[in-house]
**Q** 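Below is the structure I would like to discuss, written out as structure tokens.
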Amino acid sequence: MPLISTSSLTKRYGSSVTALDGLTLDVEPGIIGLVGANGAGKSTLLKILLGLLEPTSGSATVMDMDVATQGPEIRQYVGYLPEHDCLPPDVSATEFVSHMGRMAGLPPAAARERTAEVLRHVGLYEERYRPIGGYSTGMKQRVKLAQAIVHDPKLLLLDEPTNGLDPAGRDEMLDLVHRTGTEFGIATVVASHLLGEIERVCTYLLAIDAGKLLQSAPISSFVERTGTLGVEVEDGADALAERLVAAGLTAVADGRNVLVDCPDERPYDIVRDVIDEMGLALTRLEQRRHRLEDLFRVEGRTDDAA
Amino acid sequence: MTRREAAVVPRESATGAIYDLGYRGYDGPRLGRRAAFATLFWASLRAAFGLGRSGRSKVVPWGLSAIMIVPAAVAGAIQALAPGGLSPFNYDNYLWDLQPILALFVAAQAPELVSSDQRNHVLSLYFSHALARSDYALAKFGAMAAALFMLALAPLLVILLASILASPDVAGAVGDQLGNLPQIIGSPLIYAVPLAALGMAIASFTPRRAYATGAIIAVFLVSAAVGGILSEAGRGRLSLVAPLINPFVLLDGTRNWLVGNSIPDSPVSRADLTLPVFGVLTAAVTLIAIGAVLWRYRRIAA
């Protein structure tokens with residue numbers, strides 16, 4: 001059973017803005033990264049899956065339930081963390097999360113119990129009894145996450161969960177997202193415009209651009225080793241490249257780097273010996289991998305060509 | 001499933017070593033849409049009186065509630081001390097006389113119930129649960145109506161209590177007052193439902209609380225002033241229908257029609273219209289206002 005399935009899903013705002021343009025995709029459970037630039041249609045897709053927005057045309061199912069007709073049933077099993085602020089300032093985190101738990105259908109006692117539990121999981125302790133208005137951005141994001149998981153959803157939709165956080169807050173939030181996806185076992189969709197974040201926590205990648213599907217594949221297929229060794233030296237990259245070619249390797253200089261093809265392990269020793277003989281200052285030696293950025297770079301080129 | 005098992009793992013944290021019981025799932029019942037509706041209704045009713053909120057949000061609702069009850073209590077006390085004296089208040093005129101307090105309560109608390117959810121974008125969370133948009137609108141309207149009903153009912157109960165206690169024959173007085181129950185329950189209901197609908201219709205259209213409060217006060221003030229001026233200055237037909245602009249005149253007329261007697265020298269008694277006219281107009285205004293609230297929440301972006 002696909003977790004999420006859409007078929008030529010289109011959403012237009014007015015007559016000029018097309019947020020989703022015939023999007024067709026199938027997603028299996030996991031931690032799914034939904035990546036795209038601002039305005040690519042990430043939030044629109046999440047809102048349609050929740051039934052907050054009606055698509056202009058096309059259809060979508062979540063856990064085999066139709067978004068158009070079974071919205072309330074779907075929403076019982078979905079947790080949502082919106083991109084923007086969504087917390088009332090004058091109530092405490094405990095009260096708010098428990099209220100949202102009951103809105104999601106938990107009986108009062110269960111709502112109280114689970115509220116205490118999820119607030120502990122997201123790392124809110126003494127401050128949970130204070131009004132939310134006085135919280136830092138990081139604490140607010142935690143409350144938003146807590147209200148999204150208080151009813152133990154089967155699917156979690158997170159829209160820019162690290163929005164507005166400092167680097168430390170980002171790391172903590174990403175760890176939390178990773179835990180909810182793995183340890184808590186909740187299928188999670190993380191929308192983000194930051195590839196690095198998606199790369200860190202997700203197992204599967206959906207890339208959309210201008211409302212169209214760009215890529216849909218496991219993360220591992222993007223970050224495989226390329227079989228290229230990057231050698232960074234202080235000076236003399238060109239000379240090094242020449243010597244390596246003379247030694248029978250395929251090597252090109254690229255700025256301070258020399259890129260060496262590595263079909264097997266033989267080049268490592270040669271590179272080491274040549275650098276030693278030339279007395280060069282070696283700064284870095286690394287196995288090159290595909291980066292997610294390449295995905296967009298390549299796509300950008302084909303766009304230009306078209 | 002492995003996540004249902006509670007794995008006890010000591011974990012270092014800022015607060016020292018804590019024992020993390022692990023995440024536990026939830027396999028219990030999920031109560032669905034009706035429970036969500038009931039939850040929102042009760043939470044909003046509590047919010048209308050500032051319960052569970054800071055002391056500051058209690059000042060207005062409790063202050064107005066006190067002002068609403070004090071005249072009835074004072075009149076009752078005087079009645080008890082000087083038996084036989086006539087109270088200026090009865091079930092017919094009390095809510096009419098204290099209409100500014102009801103209007104202020106609507107103006108202050110209707111925005112409290114709906115504007116802040118819009119301003120703080122809490123709506124997108126509500127709408128991402130089992131609740132339908134119309135459920136949200138109706139739960140909020142219901143809570144406002146219930147709050148107004150309680151506010152209006154309380155002083156009438158004080159009048160009831162005072163007249164029973166002031167009577168030399170308490171048992172007999174209880175019997176006499178039983179006949180007034182439709183009026184004691186009915187009048188607050190007749191005032192509460194249309195006022196809540198009007199207040200919600202205005203408040204739901206702006207996320208700014210101050211604007212909403214101002215608009216509601218303006219509607220009551222302007223309609224009362226215009227209605228009064230036209231009925232004084234106008235002639236013939238105009239002066240006859242002019243009072244109908246004022247919602248409180250409509251409410252008093254409806255009350256007069258359904259559960260009580262006319263108030264001497266009030267706009268309703270002067271208007272010389274058949275009473276069902278007030279009832280029909282009240283119903284129409286109420287339905288239109290509820291329709292406006294539902295329309296607003298069907299369209300609002302979340």
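Letters A, B, ... are given to chains in the order of the sequence lines, protein chains preceding strands, and every chain is numbered from 1.
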**Q** Check this for me: does any side-chain nitrogen of one of Asp85(A) and Lys140(A) sit under 4.0 Å from a carboxylate oxygen of the other?
**A** no
**Q** Tell me, for Ser124(B) versus chain A, whether the close heavy atoms (under 4.5 Å) come from the side chain, the backbone, both or neither.
**A** both
**Q** Under a plain distance cut-off of 3.5 Å, with no hydrogens placed, do Thr44(A) and Tyr13(A) share a side-chain donor-acceptor pair?
**A** yes
**Q** Do Arg179(A) and Phe184(A) meet the cation-pi criteria used here (NZ or CZ under 6.0 Å from the six-membered ring centre, within 45° of the axis)?
**A** no
**Q** For a salt bridge (charged side-chain N to carboxylate O under 4.0 Å, His left out) with Glu112(B), tell me which candidate from Arg53(B), Lys58(B), Arg119(B), Arg56(B) qualifies.
**A** Arg53(B)
**Q** Please classify the contact between Arg114(A) and chain B as side chain, backbone, both or neither, with a heavy-atom cut-off of under 4.5 Å.
**A** side chain
**Q** Identify which of His99(A), Lys144(A), Glu95(A) forms the greatest number of heavy-atom pairs closer than 4.5 Å to chain B.
**A** His99(A)
**Q** Could you check whether Lys11(A) and Thr56(A), counting side-chain N and O atoms only, form a donor-acceptor pair closer than 3.5 Å?
**A** no
**Q** Considering only heavy atoms and a distance below 4.5 Å, find which of His121(B), Arg33(B), His129(B) pairs most often with chain A.
**A** His129(B)
**Q** Heavy-atom distance under 4.5 Å to chain B: side chain of Lys47(A), backbone, both or neither?
**A** side chain
**Q** Count the heavy-atom pairs under 4.5 Å between each of Glu113(A), His151(A), Arg75(A) and chain B, then report the option with the highest count.
**A** Arg75(A)
**Q** Let me know if Arg133(B) has heavy atoms under 4.5 Å from chain A in its side chain, its backbone, both or neither.
**A** side chain
**Q** Looking at Ala110(A), Pro82(A), Pro107(A), which makes the most heavy-atom pairs under 4.5 Å with chain B?
**A** Pro107(A)
**Q** Any side-chain heavy-atom pair from Thr6(A) and Leu20(A) closer than 4.5 angstrom?
**A** no
**Q** Less than 4.5 Å to any heavy atom of chain B: does that hold for the side chain of Glu117(A), its backbone, both, or neither?
**A** side chain
**Q** Report the option among Gly79(A), Pro89(A), Ala148(A), Pro108(A) that has the most heavy-atom pairs separated by less than 4.5 Å from atoms of chain B.
**A** Pro89(A)
**Q** Do the side chains of Arg24(B) and Asp152(A) get close enough for a salt bridge, i.e. N-O under 4.0 angstrom?
**A** no
